[in-house]
Undergrad: 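The structure under discussion is supplied below as structure tokens; questions concerning it will follow.
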Amino acid sequence: MNILVTGGAGYIGSHVVKLLLEKGKDNITVIDNLVTGFKSTINDLKKIRAFDFIEADLSNWDEIKGIFKSRQFDVIIHFAASLIVPESVKNPLKYYLNNTANTANLINLANEYKVEKFIFSSTAAVYGEPTKEEIGGGIDENFPTKPINPYGQSKLFSEKIIQDTAKANPKFKYLIFRYFNVAGASPDLVIGQKSKNATHLIKVAAECATGKRDKMYIFGDDYPTPDGTGVRDYIHVLDLAFAHIQAIDYLDSNRSSIFNVGYSKGASVKKVIETMKKVSGVDFRVEIGKRRDGDPAILIAKNDKILKEMKWKPQYDSLEFICKTAYEWEKRY
Ligand SMILES: NC(=O)c1ccc[n+]([C@@H]2O[C@H](COP(=O)([O-])OP(=O)(O)OC[C@H]3O[C@@H](n4cnc5c(N)ncnc54)[C@H](O)[C@@H]3O)[C@@H](O)[C@H]2O)c1
């Protein structure tokens with residue numbers, strides 16, 4: 001089994017590569033341009049087991065084609081992307097080029113070089129800004145997709161390209177994972193989230209708890225939620241990574257599909273901050289700021305489909321554990 005991982009030097013990709021290496025997979029190739037990924041992460045992963053790392057940019061289509069020409073792949077796990085929502089509003093073309101055009105090129109190469117399995121990182125951002133009434137008991141995979149920013153749109157376009165390709169070429173199978181809010185670190189602290197200027201709540205709270213930031217903001221405390229702050233479905237990065245490992249075998253005997261990946265429960269911003277303070281024992285400064293554009297009040301996955309069809313069994317479904325691993329990692333990093 002020859003596996004190509006794009007974006008494997010990044011946060012989520014590196015956790016998947018780690019699991020693959022621990023499972024004894026030894027034909028892994030990682031392509032990453034290190035724009036937001038880290039060579040040090042690759043070096044830490046190489047201590048587990050050898051694999052090939054190619055520093056290349058997916059926008060260099062000739063170079064990427066050369067890689068496909070010289071190597072055989074059975075599966076592509078495609079994480080590489082740009083993912084900062086406000087940046088996508090300011091610079092939409094960066095997102096359509098990096099996330100959509102480069103994905104289209106990758107799929108084109110997959111077809112040309114007969115790679116039949118494609119696993120794609122999509123996002124809850126494809127659902128846009130659902131209202132409380134629309135959400136009801138949570139968001140399932142049939143919920144209308146109405147992205148409200150170019151990031152979400154760039155991922156939705158990629159989903160369509162993947163689906164249309166599979167319709168035209170029945171040998172090409174895909175799994176699209178729509179991630180909710182990913183957080184935490186590998187419990188052995190070998191790797192974790194290194195992202196610079198992070199905007200992810202748990203990462204920011206961990207940076208406050210370790211004194212790397214002097215304060216943080218709650219963006220809006222007047223939402224129609226129990227404590228007035230936004231509610232999100234936080235998933236531990238390793239549970240998400242497990243889903244990718246399962247996906248490889250799943251595609252041998254099952255059809256292409258789209259799965260939400262979350263725990264089907266939410267935590268408010270205040271709850272997350274309180275939990276980070278509890279696990280760290282540090283009472284860092286928090287201020288109330290204005291709401292940010294495009295932040296829905298509540299975003300919670302319905303995960304019935306992945307639980308039933310993939311028999312995915314989350315192991316780290318605990319906000320305390322997520323915050324604890326994020327904090328311990330931040331202390332170490
Ligand atoms: N982090 C989250 O909460 C979250 C939520 C939903 C979806 N996602 C999706 O998960 C995927 C991984 O996200 P992450 O949090 O690990 O981000 P990340 O920035 O840590 O990882 C992305 C990796 O892709 C690489 N990359 C980007 N553009 C590239 C290019 N043109 N060529 C080669 N390499 C390139 C980066 O250097 C980085 O290593 C993304 O597709 C993202 O849209 C993430």
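First listed ligand is number 1; within each ligand, the first listed atom is number 1. None of these values were measured; they are calculated from a predicted model.
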Undergrad: I'd like to check the side-chain contact (heavy atoms from CB on, under 4.5 Å) partners of Pro92; sequence neighbours left out, ordered by chain and number.
TA: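 By the side-chain contact (heavy atoms from CB on, under 4.5 Å) rule, Pro92 matches Tyr96, Pro150.
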
Undergrad: Given that the side chain starts at C-beta and the backbone is N, CA, C, O, which of these parts of Gln193 lies under 4.0 Å from ligand 1, counting heavy atoms, or is it both or neither?
TA: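 Within the 4.0 Å criterion, Gln193 makes no contact with ligand 1.
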
Undergrad: Any nitrogen or oxygen of Thr123, main chain or side chain, under 3.5 Å from a nitrogen or oxygen of ligand 1?
TA: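 No; every N/O pair is 3.5 Å or more apart.
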
Undergrad: Quick check on Thr6 - does any of its heavy atoms sit under 4.0 Å from an atom of ligand 1?
TA: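 The answer is no, since Thr6 has no heavy atom less than 4.0 Å from ligand 1.
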
Undergrad: Quick one: does Ser82 get an N or O within less than 3.5 Å of an N or O on ligand 1?
TA: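 Not met; the criterion fails.
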
Undergrad: For ligand 1, find out whether one of its N or O atoms is nearer than 3.5 Å to an N or O atom of Thr36.
TA: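 In this structure, Thr36 places an N or O atom under 3.5 Å from an N or O of ligand 1.
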
Undergrad: As a check for students: among Asn33, Asn60, Asn98, Ile84, identify the option with a heavy atom nearest to atom 35 (C) of ligand 1.
TA: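 Shortest heavy-atom distance from atom 35 (C) of ligand 1: Asn33.
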
Undergrad: Would you say Val126 and Tyr151 are hydrophobically clustered, going by side-chain heavy atoms of ILVMFWY under 4.5 Å?
TA: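 Shared cluster, no.
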
Undergrad: Applying a strict 4.0 Å limit to heavy atoms, is Lys155 in contact with ligand 1?
TA: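 The answer is yes, since Lys155 has a heavy atom less than 4.0 Å from ligand 1.
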
Undergrad: Residue-level breakdown please: for Ser122 versus ligand 1, do any non-hydrogen atoms fall below 4.0 Å on the side chain, on the backbone, on both, or on neither?
TA: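 Answer for Ser122: backbone.
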
Undergrad: Only one of Asp252, Asp74, Asp249 clears side-chain hydrogen bond (donor to acceptor under 3.5 Å, both in side chains) with Lys117; which?
TA: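 Per the side-chain hydrogen bond (donor to acceptor under 3.5 Å, both in side chains) rule, the option paired with Lys117 is Asp252, out of Asp252, Asp74, Asp249.
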
Undergrad: Does ligand 1 come near enough to Ala80 that some N or O of the ligand is less than 3.5 Å from an N or O of the residue?
TA: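 No, there is no polar N/O contact under 3.5 Å.
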
Undergrad: What do you reckon, does His78 have a nitrogen or oxygen under 3.5 Å from a nitrogen or oxygen of ligand 1?
TA: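 No; every N/O pair is 3.5 Å or more apart.
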
Undergrad: Is it the side chain (CB and beyond), the backbone, both or neither of Ala56 that lies under 4.0 Å from ligand 1, heavy atoms counted?
TA: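 Contact part for Ala56 vs ligand 1: backbone (N, CA, C, O).
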
Undergrad: So is Phe180 in contact with ligand 1, going by heavy-atom distances below 4.0 Å?
TA: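 Yes, Phe180 has heavy atoms under 4.0 Å from ligand 1.
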
Undergrad: Would you check whether Ala9 reaches within less than 4.0 Å of ligand 1, judged by its heavy atoms?
TA: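 The answer is yes, since Ala9 has a heavy atom less than 4.0 Å from ligand 1.
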
